[in-house]
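In what follows, residues are counted from 1 in the order of the sequence shown.
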Amino acid sequence: MQTNSLHIMLADDDEDDRLFFREAFEEVKINYQYTAFNDGEQLMDYLNKEDNPLPDIIFLDLNMPRKSGLECLKEIRDDERLKKISVAIYSTSSSEQDIEDTFVTGANVYIKKPNDFNMLKKILSDVVHINWQYITDGLSKDSFILSL
């Protein structure tokens, strides 16, 4: 991994959503490395191998088979080696319970998947340009949900 590129991971079981995400990121003007996983179990298998480079940010779908996004988030936050990785929940759910659960578990931001390509590009651009230290230090329920 180049030190001047952002290492981004996406765990999402929907192939169309992974493609939509990748295409939108190609239009965001940053230098990045991208890795996608079909489910949470694949993501955690990768993260738990100590030789694998860690990402700067993980976009994590909540509703996946085998291992849910919430289960992955809990494992990431409970692991000394992984807990400082920024995690953006990236889900179709707008359930207050899902938002509350991910907030309490330690996600950095909650993003409801947009259906519009231009909105997705805007959200992804906003997320990669966030000052994560500020967000973590000043995290409140109001600033947790990223929306346009």
Q: Could you give the distance from CG (L70) to OG1 (T105), rounded to the nearest 0.5 Å?
A: 4.5 Å

Q: Between N48 and D79, is the side-chain contact (heavy atoms from CB on, under 4.5 Å) condition met? List the steps.
A: CA-CA 9 Å; N48 287 322; D79 187 309; 4.0 Å; yes

Q: With a 4.5 Å limit on heavy-atom distance, are the side chains of I85 and M9 in contact?
A: no

Q: Restricting to salt bridge (Lys or Arg N to Asp or Glu O under 4.0 Å), what partner residues turn up for E23, sequence neighbours left out?
A: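 Testing E23 for salt bridge (Lys or Arg N to Asp or Glu O under 4.0 Å), a comparison that skips the adjacent residues, returns none.
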
Q: Can you name the closest pair of heavy atoms from R77 and A107 and give their distance?
A: NH2-CA, 4.4 Å

Q: Restricting to pairs with a member in residues 60-75, which pass side chain to side chain donor-acceptor pair (under 3.5 Å), not counting sequence neighbours?
A: D39-R66, E41-R66, K67-E75, S68-E71

Q: Do Y90 and L120 have side-chain heavy atoms sitting under 4.5 Å apart?
A: yes

Q: At their closest point, which heavy atom of S93 faces which heavy atom of Y110, and how far apart are they?
A: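 Of all heavy-atom pairs spanning S93 and Y110, the closest is O-OH, 2.7 Å.
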
Q: Rounded to the nearest 0.5 Å, what's the gap from CG on D98 to NZ on K112? Could you check?
A: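 Spacing of CG (D98) from NZ (K112) equals 11.5 Å.
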
Q: As an exercise, state the distance from OG1 of T92 to CG of D17, rounded to the nearest 0.5 Å.
A: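 It is 8.0 Å, given to the nearest 0.5 Å.
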
Q: When the ring planes of F117 and F20 are compared, do they come out parallel, tilted or perpendicular, using 30° and 60° as the limits?
A: tilted

Q: Check side chain to side chain donor-acceptor pair (under 3.5 Å) between E27 and all other residues, then give those that pass, not counting sequence neighbours.
A: K121

Q: Give the minimum heavy-atom separation between C72 and G40, together with the two atoms involved.
A: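 Nearest pair, atom of C72 first, then G40: SG-CA, 3.3 Å.
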
Q: Under the rule for salt bridge (Lys or Arg N to Asp or Glu O under 4.0 Å), what residues qualify as partners of E80, not counting sequence neighbours?
A: K83

Q: Within a reach of under 6.0 Å around CD of E26, are more than 12 heavy atoms found that belong to other residues, nucleotides or ligands?
A: yes

Q: Less than 4.5 Å apart, side chain to side chain, heavy atoms only: is that true for L124 and I111?
A: no

Q: Compare every heavy atom of D14 with every heavy atom of D12, then report the nearest pair and how far apart it is.
A: OD1-N, 2.9 Å

Q: Give every residue pair that meets the salt bridge (Lys or Arg N to Asp or Glu O under 4.0 Å) criterion with at least one member in residues 42-51, sequence neighbours excluded.
A: none

Q: If you define the side chain from C-beta out and look only at heavy atoms, does anything of M64 sit under 4.5 Å from N38?
A: no

Q: Please tell me if the side chains of L47 and P55 come closer than 4.5 Å, counting only heavy atoms from C-beta onward.
A: yes

Q: Do R81 and L54 have side chains that approach each other closer than 4.5 Å (heavy atoms only, starting at C-beta)?
A: yes

Q: Quick check for you: to the nearest 0.5 Å, what is the distance between F59 atom CZ and I8 atom CD1?
A: 6.0 Å

Q: Considering residues at least two apart in sequence or located in another chain, which fulfil the ring-ring contact (aromatic ring centres under 6.0 Å, His included) criterion with F25?
A: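 Testing F25 for ring-ring contact (aromatic ring centres under 6.0 Å, His included), a comparison that skips the adjacent residues, returns F21, Y32.
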
Q: Would you give the length of the straight line joining atom CG of L82 to atom CG of L73, rounded to the nearest 0.5 angstrom?
A: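 L82 atom CG to L73 atom CG measures 11.5 Å (nearest 0.5 Å).
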
Q: Within the structure provided, determine whether L60 and L43 are in side-chain contact (heavy-atom separation under 4.5 Å).
A: yes

Q: Is the number of heavy atoms from other residues, nucleotides or ligands under 6.0 Å of D116 CG greater than 12?
A: yes

